[in-house]
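To start, the structure under review is shown below, and the notes come after it.
Hydrogens, waters and symmetry mates are skipped; everything else that's a heavy atom, side chains included, is used. Convention: sequence-line order gives letters A, B, ...; per-chain numbering from 1.
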Amino acid sequence: MAALSLLSLLLLLLLPLSLLLLLSLIVRPRPVKIPIKDRHVFITGGSSGIGLAIAHHAAAEGARVSILARSQSKLEEAKQAIQLATGIDVATFSADVRDFDAVRRAAKEAGPVDVLVVNQGVFLPEELAKQELDEVRLMIDVNLIGSFNMIKALLPAMKARTDRRPASIALMSSQAGQGGVYGYTAYCASKFGLRGLAEALQQEIIADDIHVSLVLPPDTDTPGLVEADQVAEKTLNGIKSGSFIVPCNFVGYLLAIATAGLSPQRSYTMAFVEVVGAGICRLAGLFFQWNWYGSIEKWHAQSKQ
Amino acid sequence: MAALSLLSLLLLLLLPLSLLLLLSLIVRPRTVKIPLKNRHVLVTGGSSGIGLAIARRAAAEGARVSILARSQAKLEEARQAIRLATGIDAATFSADVRDFDAVRRAAEEAGPVDVLVVNQGVFVPEELAKQELDEVRFMIDVNLIGSFNMIKAFLPAMKARTDRRPASIALMSSQAGQVGIYGYTAYCASKFGLRGLAEALQQEIITDGIHVSLVFPPDTDTPGLAEENKRRPPLTSIIAGSSGAMKADEVAEKTLSGIKSGSFIVPCNFEGHLLAIATAGLSPQRSYIMAFVEVVGVGILRLAGLFFQWNWYSSIEKWHAQSKQ
């Protein structure tokens with residue numbers, strides 16, 4: 001009987017080990033290391049919030065940094081802040097990402113980019129029934145079309161680059177790009193859209209050794225300094241390891257496992273966690289729905305009184 | 001020893017049964033039945049392809065049907081086709097979904113709608129590096145902004161309806177709204193976007209008894225597909241595969257079934273069901289049985305998804321190696 005339990009124990013260990021081995025053989029695209037030191041990192045929405053924090057971190061790590069935003073004065077302030085903190089001079093470019101010609105001019109001025117961080121975003125929460133369509137269009141235009149504009153403008157030089165080391169296009173999504181939230185119809189639409197773009201784009205540019213990362217910070221209107229700093233660090237780590245999905249905190253990891261879907265996964269250990277954990281995370285997701293819809297019901301019942 | 005194995009067997013059965021019981025208690029929103037007979041169904045992109053098939057079926061099931069599209073001529077043909085097939089007269093409205101004022105006028109003319117099927121869509125496959133931004137904007141404008149326009153125009157009357165039976169807003173997505181495919185950056189962006197819209201919207205309108213459905217057809221035999229096939233990059237065909245297109249009428253049947261059962265995610269074939277389980281994510285699930293299948297099956301399907309990535313990225317590698325020769 002001891003032999004039987006030993007045998008069943010061995011089999012029990014063999015199953016996950018075989019899975020791990022299998023995954024180590026099939027995960028694609030292959031893992032990659034993307035250096036940022038001495039390379040050109042270009043950040044949109046780089047004059048404030050998360051973008052500015054990313055610019056700080058990248059400059060501190062020895063990258064050549066460019067930041068793009070609309071306001072010339074905010075760009076100047078940002079440039080000075082980074083100078084003070086790191087001694088490094090960043091290049092600044094003023095353009096509205098919705099204006100492709102302006103973006104193309106900035107791309108020409110900036111020269112070839114190795115790591116493109118498409119981070120600009122606007123966020124105007126409102127119930128769709130109450131929201132002006134102008135605001136809907138603004139979020140889709142800036143967050144989604146703006147990202148297409150950036151990629152179209154900067155991709156040709158990335159594909160034609162002489163430095164054949166791996167390059168990166170990182171898109172700033174959000175946890176609201178993993179699950180829908182009351183009041184966020186247009187914002188969620190724009191952020192979910194980035195994932196569709198990213199999944200397809202990675203297949204199109206893998207042969208050019210350009211690696212797509214989708215960063216998923218938790219949602220905050222204006223992130224505090226500490227939070228922006230954490231997100232910046234996770235972003236750069238994600239970029240450097242060529243990770244497709246880049247969560248920024250523990251909840252983000254659970255969300256990433258729950259929504260792994262048909263996304264690529266380069267790390268076979270993460271793949272293992274996804275295969276083994278997806279079921280439990282789906283169960284958690286269903287509990288969240290129970291909680292959310294329960295709250296919605298309760299709130300409406302109370303407001304009727 | 002027999003007692004031990006019997007005990008372990010019982011425990012083995014107890015686990016899934018407890019899970020099933022738990023899920024039956026927590027699945028939200030609750031199940032719902034949405035009748036179509038004698039109710040007003042409005043279908044955008046309703047003059048051809050999947051939209052026309054949906055309109056025809058809804059009419060055959062006794063609904064009062066309206067179809068919206070751009071071309072007056074195609075709307076007339078569609079109206080005649082519906083009359084020939086079902087004897088029913090569909091109302092027609094000519095508008096471009098990108099034009100909110102036109103859509104609002106159509107909404108006023110059409111009157112309150114019970115089941116809004118937002119089905120219009122355009123589809124131009126191309127590698128993003130080669131694609132004109134005009135085409136990108138076209139797909140996002142029609143497929144995504146156009147859907148926002150439709151919902152904004154029709155939602156007020158839906159919320160204010162006197163007939164308090166459950167109503168429905170159905171959005172036509174695509175399997176390309178569940179997985180990214182080479183050559184479909186803008187199309188995928190627009191269809192993934194619909195899911196973000198749908199997940200948030202359902203939370204906002206559940207208390208009005210309005211239920212959101214997201215339909216995920218594969219390639220469907222329609223004039224739209226014929227156009228798209230002319231432009232497909234070769235790698236798209238290799239990766240998307242020729243899993244055989246569905247017929248528009250089959251998709252229409254699945255769509256109406258999904259609407260009537262208030263299902264949030266509506267797959268149209270077996271492959272679609274597997275994709276739906278793999279991408280269940282944070283979507284609501286009203287059926288505790290489907291929820292059980294999702295919890296139990298999503299891990300294996302993630303594994304399948306990883307195999308697909310292995311297959312696709314290998315095909316891409318191979319194709320590029322060959323084309324370099």
Side-chain angles (χ1 to χ4, degrees), chain A residues 23 26-29 100 127-129 133 136-137 140 144-145 148-149 151-152 155 159 178-182 184-185 188-193 195-197 199-201 203-204 206-207 258-262 264-265 271 274-276 278-279 282-283 285-290 292-294 296 300, chain B residues 23 26-29 100 127-129 133 136-137 140 144-145 148-149 151-152 155 159 178-182 184-185 188-193 195-197 199-201 203-204 206-207 278-282 284-285 291 294-296 298-299 302-303 305-310 312-314 316 320:
Chain A
L23 291 171
I26 70 164
V27 285
R28 294 286 187 279
F100 180 68
E127 288 153 28
L128 183 57
L133 274 168
V136 171
R137 287 191 204 104
I140 307 265
L144 191 54
I145 305 275
F148 274 97
N149 286 345
I151 296 169
K152 273 301 281 182
L155 187 58
K159 287 184 139 210
Q178 298 174 289
V181 184
Y182 189 113
Y184 290 22
T185 46
C188 286
S190 71
K191 293 306 190 178
F192 270 69
R195 172 143 173 188
L197 160 56
E199 281 194 17
L201 184 66
Q203 295 177 23
E204 294 177 16
I206 187 70
T259 60
L262 272 289
Q265 177 55 263
E274 287 169 3
V275 172
V276 166
R282 174 54 177 161
L283 184 57
L286 291 164
F287 262 103
F288 273 111
Q289 306 293 320
W290 175 65
W292 294 341
Y293 282 95
I296 291 169
H300 274 271
Chain B
L23 291 171
I26 70 165
V27 285
R28 293 287 188 277
F100 180 67
E127 288 150 25
L128 183 57
L133 275 168
V136 170
R137 288 192 204 105
I140 308 255
L144 190 54
I145 304 277
F148 274 97
N149 286 345
I151 297 168
K152 272 301 280 184
L155 188 57
K159 289 185 138 206
Q178 298 174 296
V179 50
I181 301 277
Y182 190 109
Y184 292 8
T185 46
C188 287
S190 72
K191 293 305 192 179
F192 271 69
R195 175 151 171 183
L197 159 56
E199 282 194 17
L201 184 66
Q203 297 178 28
E204 293 178 16
I206 187 70
T207 43
T279 59
L282 271 289
Q285 178 54 263
E294 287 169 1
V295 171
V296 165
V298 66
R302 175 53 177 161
L303 184 56
L306 291 164
F307 263 103
F308 274 108
Q309 305 295 319
W310 175 62
W312 294 340
Y313 281 96
S314 305
I316 292 168
H320 275 274

(request) Work out which heavy atom in A:Leu128 is nearest to a heavy atom in B:Lys152; give both atom names and the distance. (result) O-NZ, 3.0 Å
(request) Would you mind checking which part of A:Leu197 comes under 4.5 Å of any heavy atom in chain B, side chain (CB onward), backbone (N, CA, C, O), both or neither? (result) both
(request) To the nearest 0.5 Å, tell me how far A:Arg195 CZ sits from B:Arg195 CZ. (result) 9.0 Å
(request) Sort A:Lys159 into side chain, backbone, both or neither according to what part of it lies under 4.5 angstrom from a heavy atom of chain B. (result) side chain
(request) For chain B, find which of A:Leu155, A:Val136, A:Val276, A:Ile151 contributes the most heavy-atom pairs closer than 4.5 angstrom. (result) A:Val136
(request) With a 4.5 Å cut-off on heavy-atom pairs, point out which of A:Ile140, A:Thr185, A:Leu283, A:Leu23 contacts chain B the most. (result) A:Thr185
(message) Heavy-atom pairs under 4.5 Å with chain B: which of A:Ala207, A:Gly294, A:Pro29 has the most?
(response) A:Pro29
(message) Let's test your reading of the structure: which of B:Ile151, B:Ile140, B:Leu133, B:Val136 forms the most heavy-atom pairs below 4.5 Å with chain A?
(response) B:Leu133
(message) Given heavy-atom pairs under 4.5 angstrom as the criterion, report whether the side chain, backbone, both or neither of B:Ile145 touches chain A.
(response) side chain
(message) Heavy-atom cut-off 4.5 Å, strictly under: side chain, backbone, both or neither for A:Leu286 against chain B?
(response) both
(message) So for B:Ile26, is it side chain, backbone, both, or neither that comes closer than 4.5 Å to the heavy atoms of chain A?
(response) both
(request) Output, in order, the C-alpha distance, side-chain angles, deciding distance and verdict of side-chain hydrogen bond (donor to acceptor under 3.5 Å, both in side chains) for B:Glu127 and B:Tyr182. (result) CA-CA 7 Å; B:Glu127 288 150 25; B:Tyr182 190 109; 2.9 Å; yes
(message) Minimum heavy-atom separation for B:Arg302 and A:Val275, please, with both atom names.
(response) CG-CG2, 4.1 Å
(message) Quick check on B:Val296 against chain A: is it the side chain, the backbone, both or neither that has a heavy atom closer than 4.5 Å?
(response) neither
(message) Counting heavy-atom pairs under 4.5 Å with chain A, which one of B:Ser314, B:Ala291, B:Ala129 comes out on top?
(response) B:Ala129
(message) What part of B:Thr207 gets within 4.5 angstrom of chain A, counting heavy atoms only: side chain, backbone, both, or neither?
(response) side chain
(request) Would you name the heavy atoms of A:Cys188 and A:Gly179 that are closest together and state the gap between them? (result) SG-O, 4.0 Å
(request) Sort A:Ile206 into side chain, backbone, both or neither according to what part of it lies under 4.5 angstrom from a heavy atom of chain B. (result) side chain
(request) Using a cut-off of under 4.5 Å on heavy-atom pairs, state which of B:Glu204, B:Lys191, B:Glu199 scores highest against chain A. (result) B:Glu204
(message) I'd like to know which of B:Val298, B:Leu303, B:Val295, B:Val179 tops the heavy-atom pair count under 4.5 Å against chain A.
(response) B:Val295
(request) Check whether A:Leu144 gets within reach of chain B through its side chain, its backbone, both or neither, counting any heavy atom under 4.5 Å. (result) side chain
(request) First locate atom CZ of B:Arg137, then atom CZ of A:Phe100, and finally report the distance between them rounded to the nearest 0.5 Å. (result) 8.0 Å
(message) How close do A:Thr259 and B:Gly281 get, counting heavy atoms only, and between which atoms?
(response) CG2-CA, 3.9 Å
(request) Name all residues meeting the side chain to side chain contact (heavy atoms under 4.5 Å, CB included) criterion together with A:Val181; count only those two or more places apart in sequence or in a different chain, and write none if there are none. (result) A:Tyr184
(request) Output all residues satisfying ring pair (Phe, Tyr, Trp, His ring centres under 6.0 Å) with B:Phe308, sequence neighbours left out; order by chain, then residue number. (result) B:Trp312
(request) Quick one: which of A:Glu204, A:Arg28, A:Gln289 has the most heavy-atom pairs under 4.5 Å with chain B, could you say? (result) A:Glu204
(message) How close do A:Gln265 and A:Val27 get, counting heavy atoms only, and between which atoms?
(response) O-CB, 3.2 Å
(request) To the nearest 0.5 angstrom, please state how far the CD1 atom of A:Ile296 sits from the CZ atom of B:Arg28. (result) 12.0 Å
(request) Specify which of B:Ser190, B:Ala280, B:Gly305, B:Ala278 makes the most heavy-atom pairs with chain A at under 4.5 Å. (result) B:Ala280
(request) Sort A:Leu201 into side chain, backbone, both or neither according to what part of it lies under 4.5 angstrom from a heavy atom of chain B. (result) both
(message) Report which part of B:Ile206 has an atom under 4.5 Å of a heavy atom belonging to chain A: side chain, backbone, both, or neither.
(response) side chain
